[in-house]
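Before any comments, here is the structure.
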Amino acid sequence: MKALISVDMEGISGIVHSSETNPERYDYQRGRELMTAEANAVIAGVLDAEPTADVLVADAHGTFRNLLPEQLDRRARLVRGKPRALNMLAGLDEETDAALFVGYHVRAGEGPGVLAHTMNGEILDVRVTGRAPDEDVRVTARAPGEGAQATAHPPGEDVRITGRSLGEIGLNAAMAGHLGVPVVLISGDDAACAEAAALIPEAVTVPVKEALGMAAAVTLHPEEARDRLRRAAADAVSRRTEIPPLALTGPLDVEVDLASPHTIDLATLVPGVSRTAGARTVAFTAPDYGTAYRLILLLAQLATIRPA
């Protein structure tokens, strides 16, 4: 059995402020330790259920160099650093039996949610919509003002995700689903868990804090959170065959709202990406979700480029 544990930072118990998640801020080291300890709790839970499991842990926050390798459970292997294929899901493949999302947060525009965002502060919203399949679909631009219509769902398409605004939980869960891998556990604040439950009601959710705002929460004691995570991870892995992958078949219409006009200008240099009639939205059509996911990652990377 192979499991991938993707570990973000904003949804870790005890963490409520960017000073605890930013390498340049004073409280970051403590945030790293809390993050590593929760990862260890989930590793232990997976191995409680499947003692011979191959466990990969993907550091999935910021630089992807946050988890403390020397403190991580030695029974797991760590994926760290960037850039890398599949981003927050590095290490995931068709041979993976289960994915677990730890320390995740709610998407941009939702809340109250602790440190809510989608990928970075430049991505305001991502919408993915399925449509009737064509015989030959490549990544193509859509005419300005042409909206996505969710009126027909191809066979096998998961309508729970179609046309919905997606954050990192939904985008990554759908990528796992594209590879046939179920996401069996999601932890974070209560808003993140609600977002996950709406997309994957069969998955196990573990709220480790109750969000009061962007930088405030009522949080479990870290040790209590770890105990709950260990038990939940064992349960989730044991029930993995009962949890369907979140799969979305193509072709797919994608709209991405971007905060910066400069990013929109850069995005339109990508073949197949067009500016819509709205001032902040770009759109493209992808033949499958794997292609859509990679283009969304590219747009997020373009958002980090500042004007010369």
Side-chain angles (χ1 to χ4, degrees), residues 1-9 11-13 33-61 67-69 71-80 86 88-104 168-170 172-190 192-209 220-247:
M1 185 264 176
K2 179 179 178 181
L4 177 81
I5 304 172
S6 173
V7 190
D8 205 349
M9 204 168 190
I12 298 295
S13 62
E33 293 173 356
L34 291 170
M35 179 189 188
T36 305
E38 285 203 5
N40 281 338
V42 176
I43 294 167
V46 171
L47 292 171
D48 287 345
E50 294 283 349
T52 61
D54 178 16
V55 181
L56 272 72
V57 178
D59 190 322
H61 174 74
L67 290 166
L68 298 167
Q71 294 184 18
L72 197 69
D73 190 318
R74 65 187 301 168
R75 296 173 294 176
R77 293 179 292 147
L78 175 61
V79 186
R80 74 192 303 257
L86 295 188
M88 296 174 73
L89 299 178
L92 189 78
D93 58 25
E94 293 89 346
E95 303 302 315
T96 306
D97 297 288
L100 302 90
F101 294 172
V102 178
Y104 270 54
E168 292 169 30
I169 293 171
N172 289 332
M175 186 62 224
H178 179 68
L179 297 176
V181 180
V183 176
V184 300
L185 178 141
I186 303 96
S187 74
D189 67 16
D190 56 329
C193 289
E195 181 178 316
L199 291 166
I200 319 166
E202 302 87 352
V204 176
T205 57
V206 186
V208 298
K209 54 193 171 188
L220 294 177
H221 188 283
E223 291 181 2
E224 175 63 23
R226 293 166 205 158
D227 287 345
R228 296 186 187 189
L229 283 165
R230 181 169 183 168
R231 293 193 299 269
D235 177 51
V237 168
S238 297
R239 297 197 296 106
R240 63 186 181 276
T241 59
E242 304 169 17
I243 302 172
L246 182 61

Is there a side-chain contact between [X] and [Y], using heavy atoms and a 4.5 Å cut-off?
| X | Y | answer |
| --- | --- | --- |
| Val57 | Arg77 | no |
| Met35 | Leu68 | no |
| Tyr104 | Asn172 | yes |
| Phe101 | Leu89 | yes |

> Can you tell me if CD on Glu223 sees more than 12 non-hydrogen neighbours from other groups inside 6.0 Å?
Replying inline: no
>> Would you say CD of Glu242 has more than 12 non-hydrogen atoms from neighbouring residues, nucleotides or ligands within 6.0 angstrom?
In response: yes
Nearest atoms (heavy-atom pairs only) where [X] meets [Y]:
| X | Y | answer |
| --- | --- | --- |
| Ala234 | Ala49 | O-CB, 3.5 Å |
| Glu202 | Pro244 | CD-CD, 3.7 Å |
| Val183 | Ala176 | CG2-CB, 4.1 Å |
| Ala53 | Leu47 | O-CD2, 3.8 Å |
| Leu92 | Ala99 | CD1-CB, 4.4 Å |
| Pro245 | Gly180 | CG-O, 3.6 Å |

Return the [atom1] to [atom2] distance between [X] and [Y], rounded to the nearest 0.5 Å.
| X | Y | atom1 | atom2 | answer |
| --- | --- | --- | --- | --- |
| Leu67 | His61 | CG | NE2 | 10.5 Å |
| Leu179 | Glu94 | CG | CD | 5.0 Å |
| Glu195 | Ile169 | CD | CD1 | 4.5 Å |
| Leu220 | Arg228 | CG | CZ | 4.5 Å |
| Arg80 | Leu72 | CZ | CG | 10.5 Å |
| Ser187 | Leu100 | OG | CG | 9.0 Å |

>> Go through it in stages, so that I can follow the logic: the residues are Ile243 and Ile200, the test is side chain to side chain contact (heavy atoms under 4.5 Å, CB included), and I'd like the CA-CA distance, side-chain angles, deciding distance and then a yes or no.
In response: CA-CA 8 Å; Ile243 302 172; Ile200 319 166; 4.1 Å; yes
> Taking only residues two or more places apart in sequence, or in another chain, which ones meet Ala60 in a side-chain contact (heavy atoms from CB on, under 4.5 Å)?
Replying inline: Ser6, Met88
>> Taking side-chain contact (heavy atoms from CB on, under 4.5 Å) as the definition, give me every residue that meets it alongside Ala236, ordered by chain and number, with sequence neighbours left out.
In response: Val184, Leu185, Val204
> Partners of Thr96 by side chain to side chain donor-acceptor pair (under 3.5 Å), sequence neighbours excluded?
Replying inline: Asp93
> Do any N or O atoms from the side chain of Lys209 and from the backbone of Ile12 form a donor-acceptor pair under 3.5 angstrom?
Replying inline: yes
> Can any side-chain N or O of Asn40 pair as donor or acceptor with the backbone N or O of Asp73 at less than 3.5 Å?
Replying inline: yes
>> Among Asp189, Leu229, Val206, Val208, which residue satisfies the side chain to side chain contact (heavy atoms under 4.5 Å, CB included) criterion with Ser13?
In response: Val208
> Between Arg231 and Asp235, is there a salt bridge with N-O shorter than 4.0 Å?
Replying inline: no
> Charged N to carboxylate O under 4.0 angstrom, Arg230 versus Asp48?
Replying inline: yes
> So Ile5 and Ile43, side chain to side chain contact (heavy atoms under 4.5 Å, CB included) or not? Walk me through it.
Replying inline: CA-CA 8 Å; Ile5 304 172; Ile43 294 167; 3.8 Å; yes
>> Using the rule given for side chain to side chain contact (heavy atoms under 4.5 Å, CB included), can you reason through Leu86 versus Met175, listing the C-alpha separation, both sets of side-chain angles and the distance that settles it, and then say yes or no?
In response: CA-CA 8 Å; Leu86 295 188; Met175 186 62 224; 3.9 Å; yes
